[in-house]
Amino acid sequence: MPAIKSTPPKPKAFCAKIPDRKNAAAFARALAGWYAQSARKLPWRQIPSLYSTVVSEFMLQQTQISTVLPYFEKWLRRFPDFEALAKAPEAALLKHWEGLGYYSRARNLHALAKEICASGIPENSRQWLRMKGVGPYTAAAISSIAQGEKIALVDGNVVRVLTRLSADKTPYPSASAAIAPLQPFAQSLMDAAQNPGAHNQAMMELGALICTRNRPPECLLCPVRIFCAVAGRADAQDFPFLAAKKTERVEKDRLWIKHGKKLLLRRAHAQAKRLAQLWELPLKEDLPQAICQKEPLMVKKRGISNQQITERIFGARLAPKNFPKGEQWIWADEKKLHALTLSGPHRRWVNLLKDFR
DNA sequence: AACGCGGGGGC
DNA sequence: GCCCCAGCGTT
């Protein structure tokens, strides 16, 4: 009877310059060496404890380190541990959170302290995830840093590092949309690491100090440049590729109707979501009786909000009996036209066409 | 997938 | 002004 083959290892999400686990281990070693040498001395790293880790991770949600620093110091003096926090009145917490923003974090942290004092400490990321205010990032951060769980976190820094390592040109709809797809890659690197908490922090530290967003990355100083698909490339800063906000394509036909020297305009009503009260060329659908030319005088594209609008402007005629009525309509001569408020594109069109007929 | 949540930093 | 920041909860 043949020996039962062991189940094949789970497919690993690696990349061109980190093709297997052996390379991942070399990557993790290089990163860890750099981190031991170069990590900033942040207060929650100086006083490593579960409590300081939890407090710092709550404060750091969507908040920059420099903003958090003074709050963290004051908080630990006033609320030195979970017991002190659980006993304190909510008003005291909020007062110490004042100015930090996202105040539900303070209330969630309060509830978390009470829960821990009543029922004990969550043991792993899955249990942390059940607590209000703790999502995938915070659960992985706390359990890896304070409890040694081998679970990778993915934040904005890590998205940047991973997409550059793998030259990932996926047009993610947003940075947050990239987190789930990149998690397996992050985890495959974590699996090869020795110290889970240090590895996670090192990935973020690399993004903060070397693999930067607002300036060209310092590839020459990067401890893992030999593992990076874009190291030294001029386009390294272009990663991650975040798709432009999804734009809806819209087509509009407008009419250029002259009566003597006057031009017919309409305006959006006061409650319109866009361009309220601004004068514009009438839409073809507003004036079904108009006699419209076959070919447009002009075709222009422009963007408004999330729409990409292609507008065609047709010369047209309108019998006096069909002239529209109401305050939404106006026949504007050149002088009046100058005084009316038009959107930028409409002003430019009118200027371009003003001598037409 | 898209918002709201808050305040601040970088460009 | 706009995007983003050691994100999460809701819709």
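Residue numbering restarts at 1 for every chain, and letters A, B, ... go by the order of the sequence lines.
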Contact class for Ile142(A) vs. all strands (heavy atom < 4.0 Å): base, sugar-phosphate, or nothing?
nothing

Rounded to whole angstrom, note down the C1' distance from dA1(B) over to dA6(C).
23 Å

Which part of the nucleic acid, if any, lies within reach of Val68(A) when heavy atoms closer than 4.0 Å are counted: base, sugar-phosphate only, or nothing?
nothing

Measure distances between side-chain N and O atoms of Ser66(A) and base N and O atoms of dG8(B), and say whether any donor-acceptor pair falls under 3.5 Å.
no

Send over the distance from Ile65(A) CD1 to dC4(C) P, rounded to a whole Å.
18 Å

Residues Gln61(A) and Thr138(A): side-chain donor-acceptor under 3.5 angstrom
yes

Out of dC5(C), dA6(C), dT10(C), which has the shortest distance to the side chain of Arg213(A)?
dC5(C)

Grab the CD-P distance between Glu57(A) and dA6(C) for me, whole Å please.
11 Å

Can you check the Leu60(A) CG to dC8(C) P distance for me, whole Å?
12 Å

Does the distance from a Lys or Arg side-chain N to an Asp or Glu carboxylate O, for Glu115(A) and Arg130(A), drop under 4.0 Å?
no

Identified side chain to side chain contact (heavy atoms under 4.5 Å, CB included) counterpart of Met190(A) within the set Leu153(A), Asn200(A), Ile151(A)
Asn200(A)

Rounded to whole angstrom units, what separation is found between the CG atom of Leu206(A) and the P atom of dA6(C)?
13 Å

When the distance from CG of Asp155(A) to C1' of dC8(C) is rounded to whole Å, what number comes out?
14 Å

Closest-nucleotide mapping onto DNA chain B: is Thr67(A) or Ala177(A) further toward the 5' terminus? I mean the 5' end.
Ala177(A)

Of all the nucleotides listed (dC4(C), dC8(C), dA6(C)), which has the minimum atom distance to the side chain of Leu42(A)?
dA6(C)

Is there a side-chain polar atom (N or O) of Asn214(A) under 4.0 Å from OP1 or OP2 of dC11(B)?
no

Where the side chain of Gln62(A) is defined as all heavy atoms beyond and including C-beta, which of dC8(C), dC4(C), dC5(C) is the nearest nucleotide?
dC5(C)

Stepwise side chain to side chain donor-acceptor pair (under 3.5 Å) check, Asp168(A) with Ser166(A):
CA-CA 5 Å; Asp168(A) 179 358; Ser166(A) 57; 4.7 Å; no

Side-chain contact test, heavy atoms from C-beta onward, threshold under 4.5 Å: evaluate it for Leu264(A) versus His259(A) and give yes or no.
no

Does Asp235(A) pair with Arg233(A) as a salt bridge, N-O distance under 4.0 Å?
yes

Base partner of dA1(B), which must satisfy Watson-Crick or wobble distances under 3.5 Å:
dT11(C)

Could you state the atom-to-atom distance from CE of Met204(A) to C1' of dC4(C) in whole Å?
16 Å

Take the protein atom CG of Leu209(A) and the nucleotide atom P of dC5(C), then report the distance between them rounded to whole Å.
15 Å

Note: contacts of residues 89-119 of chain A with DNA chain B (heavy atom, under 4.0 Å) are Gly99(A), Leu100(A), Gly101(A), Tyr102(A), Tyr103(A)

P gap between dT11(C) and dG6(B), integer Å:
16 Å

Please tell me which of Asn157(A) and Leu129(A) maps to the more 5' nucleotide of DNA chain C, matching each residue to the nucleotide holding its nearest heavy atom.
Asn157(A)

Rounded distance in Å - OH (Tyr172(A)) to P (dA1(B)):
12 Å

Within a reach of under 6.0 Å around CD of Gln127(A), are more than 12 heavy atoms found that belong to other residues, nucleotides or ligands?
yes

Would you say the side-chain atoms of Arg45(A) pair up with the backbone N or O of Leu42(A), donor to acceptor, closer than 3.5 Å?
no

Checking dA6(C), dC8(C), dC5(C) against the side chain of Gln64(A) (C-beta onward), the nearest is dC5(C)

Does Thr138(A) place a side-chain N or O at less than 4.0 Å from the phosphate oxygens OP1/OP2 of dC8(C)?
yes

Quantified in whole Å, what is the C1' atom distance between nucleotide dG9(C) and nucleotide dG8(B)?
23 Å

